[in-house]
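Quantities reported herein were computed from a predicted structural model and do not represent experimental measurements.
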Amino acid sequence: MSSERVSWDQYFMNIGREVATRSTCPRKHVGAVIVRDKTILSTGYNGSVRGLPHCETAGCMMEEGHCVRTIHAEVNAIIQAAKNGTRVEGGCIYVTASPCWNCFKCIANTGISRVVFGEFYRDQRIFQVAQNLGLELVDGTGGTPAPAGASPQP
């Protein structure tokens, strides 16, 4: 009986996709998992500020074509780790969509050293800045580092 085990990257991306099912914004469901030494430190999904109405009940709060009611999955995972006193420096974040510019800046400032993302989500700046910072940025759909300035797969 031969069975192939998924890679660690696939394993944590699969968990990220499951985390995304908790999202409360109908426009986009995103999940994030922060890992260090093959151990999950924190998870997050895009949802409203704790205690405030969610998009699915109150509607999206749109500004310049984007819903601003929610906190993005990456930031929620970082906040959850901080709330629990968990250091994420040197870890890896798995996220089902590439980080927007603001989330990318938050990730970089935490000391997370590797970002594995699913689909590409709108911001090319992350590629060059990641290279400049020495932050590994991996396209989780193919498992290879995304070269600086390269156009990700649609």
Applying side-chain hydrogen bond (donor to acceptor under 3.5 Å, both in side chains) as the test, list every pair that has at least one member in residues 99-111; sequence neighbours left out.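 Those involving residues 99-111 are Asn102-Lys105.
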
Mind checking side-chain contact (heavy atoms from CB on, under 4.5 Å) for Thr43 and listing every partner two or more places apart, or none if nothing turns up?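 Per chain and number, Thr43 pairs via side-chain contact (heavy atoms from CB on, under 4.5 Å) with Val19, Val33, Ile40.
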
Test of understanding: with side-chain contact (heavy atoms from CB on, under 4.5 Å), list the residues that count as partners of Asn84, not counting sequence neighbours.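 side-chain contact (heavy atoms from CB on, under 4.5 Å) check on Asn84 returns Gln80, Thr86.
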
Partner residues of [X] under the side-chain hydrogen bond (donor to acceptor under 3.5 Å, both in side chains) criterion, sequence neighbours left out:
{"X": "Arg87", "result": "none"}
{"X": "Asn76", "result": "none"}
{"X": "Ser7", "result": "Gln10"}
{"X": "His54", "result": "Thr24"}

Could you identify which residues cluster with Ile71, counting Ile, Leu, Val, Met, Phe, Trp and Tyr as linked when any side-chain heavy atoms lie under 4.5 Å apart, either directly or through a chain of such contacts?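 Its cluster partners, ordered by chain and number, are Val49, Leu52, Val75, Ile79.
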
Of all pairs that satisfy salt bridge (Lys or Arg N to Asp or Glu O under 4.0 Å), the ones with a partner from residues 59-86, not counting sequence neighbours: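 Qualifying pairs: none.
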
Sequence neighbours left out, what pairs pass salt bridge (Lys or Arg N to Asp or Glu O under 4.0 Å) with at least one residue falling in residues 28-45?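 Qualifying pairs: Lys28-Glu119.
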
Residues which pass salt bridge (charged side-chain N to carboxylate O under 4.0 Å, His left out) with Arg125, listed by chain and number, not counting sequence neighbours: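 Partners of Arg125 under the salt bridge (charged side-chain N to carboxylate O under 4.0 Å, His left out) test: Asp123.
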
Going by the rule ring-ring contact (aromatic ring centres under 6.0 Å, His included), which residues pair with Phe12 if we only count those two or more places apart in sequence or in a different chain?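 With sequence neighbours excluded, Phe12 shows a ring-ring contact (aromatic ring centres under 6.0 Å, His included) to Trp8, Tyr94, given in chain and number order.
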
